[in-house]
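Structure, as structure tokens:
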Amino acid sequence: MAFTGAGYFLGLHAPGRKGLYSFLAAAHHTTMCQAEGGRIVRSMLKESQVGTTFSSTFVQPYLNNQQDTLATNRADALLNRLFVEPLAGLGYPVKDFKLLQRLEQFIKDGDESKLAFNMDFIGVQNYTRELVTFSMFTPLLWAKFVPADKRKRRSNRYELGSISREYL
């Protein structure tokens, strides 16, 4: 998610593109390449252990209400499940984030069967959790992260506890 989101949606990282169209194309092609790369390595090096790493963010609703729960489900589909579920053979998580239906414009015949690959291991990279709340001012996702200053803190920068590691 890091290079596709920052590089193809926000334009912060290389190649510096901005927009939903660029992001969705990059997300689909990245997902395809990850599975195909695994197949290539396994075919060339039969005894190899093939794996990957995903950057993940533990997300929870800020408030215990339906709007925040649905916003959290959308954030989870985008941040955590967009690349993992196709690799596991589950397809894209469009049920929880309808916007991902727009990926269809980039999917060619036969792509869906090529998204899955049985990795030997998966690494998880996680830094923090995010509390998610509904926001009508954040189009597309209709959610925003609650800033750190609205949470219990150990210091000026960090939340109390290692909550995200406990739930992974």
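All residue numbers refer to positions in the sequence shown, counting from 1.
The structure places OG1 of Thr53 at 9.5 Å from CE of Met119, a figure rounded to the nearest 0.5 Å. Between atom CD of residue Glu112 and atom OH of residue Tyr92 there is a gap of 8.5 Å, rounded to the nearest 0.5 Å. Distance check, rounded to the nearest 0.5 Å: CG of Asn80 to OG1 of Thr57 gives 5.5 Å. From Glu130, atom CD reaches atom CZ of Phe58 across 11.5 Å, with rounding to the nearest 0.5 Å. The distance from atom CG of Leu99 to atom CG of Leu78, rounded to the nearest 0.5 Å, is 8.5 Å. Lys95 contributes atom NZ, which lies 12.5 Å from atom CD of Gln101 (distance to the nearest 0.5 angstrom).
Surrounding CZ of Arg42 are more than 12 heavy atoms belonging to other residues, nucleotides or ligands, all under 6.0 Å away. When the shell of 6.0 Å around CD of Glu36 is examined, it contains more than 12 heavy atoms from other residues, nucleotides or ligands. Atom CD of Gln66 has 12 or fewer heavy atoms from other residues, nucleotides or ligands within 6.0 Å.
Between Phe145 and Leu131, the closest side-chain pair of non-hydrogen atoms is not below 4.5 Å. The shortest distance between side-chain heavy atoms of Ile40 and Met44 falls below 4.5 Å. Put simply, the side chain of Phe54 does not reach to within 4.5 Å of the side chain of Val124, judged on heavy atoms.
A donor atom on one side chain and an acceptor atom on the other are found under 3.5 Å apart for Thr52 and Gln34. For Thr133 and Asp68, the side-chain atoms include at least one donor-acceptor pair closer than 3.5 Å.
Listed for the Ser135 side chain is a donor-acceptor partner under 3.5 Å among the backbone atoms of Phe137. At least one donor-acceptor pair under 3.5 Å links the side chain of Gln105 to the backbone N or O of Arg102. The backbone N or O of Pro93 sits nowhere less than 3.5 Å from a side-chain atom of Asp96 that would complete a donor-acceptor pair. A donor-acceptor pair under 3.5 Å is absent between the side-chain atoms of Ser22 and the main chain of Gly19, judged by distance alone.
Phe134 and Val59 fall into different hydrophobic clusters, where Ile, Leu, Val, Met, Phe, Trp and Tyr residues are linked whenever their side-chain heavy atoms come under 4.5 Å apart, directly or through other members. Taking hydrophobic clusters as Ile, Leu, Val, Met, Phe, Trp and Tyr residues chained together by side-chain heavy-atom distances below 4.5 Å, Leu141 does not share a cluster with Leu70. The cluster map of Ile, Leu, Val, Met, Phe, Trp and Tyr, joined by side-chain heavy atoms under 4.5 Å apart, puts Leu82 and Leu90 in different clusters.
Across Thr128 and Asn126, no two heavy atoms sit closer than the pair O-ND2, 3.5 Å. The two residues Arg39 and Lys114 have their closest heavy-atom pair at NH2-O, 2.7 Å. The shortest heavy-atom contact between Trp142 and Arg74 is O-NH2, 2.9 Å. In this structure, Ala143 and Val132 approach most closely via the heavy-atom pair CB-CG1, 3.7 Å. Closest non-hydrogen pair, Thr138 versus Lys144, comes out as OG1-CB, 4.1 Å. Nearest heavy atom pair, residue Thr31 against residue Pro86, reads CG2-CB, 3.5 Å.
Across Leu100, Leu103, Thr4, a single residue satisfies side chain to side chain contact (heavy atoms under 4.5 Å, CB included) together with His28, and that is Leu103.
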**Request:** Run the numbers on Phe9 and Tyr21 for ring-ring contact (aromatic ring centres under 6.0 Å, His included), then give the verdict.
**Result:** CA-CA 8 Å; Phe9 185 72; Tyr21 179 88; over 10 Å; no
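Between Asp76 and Arg81, at least one side-chain nitrogen of the basic residue sits less than 4.0 Å from a carboxylate oxygen of the acidic one, meeting the salt-bridge criterion.
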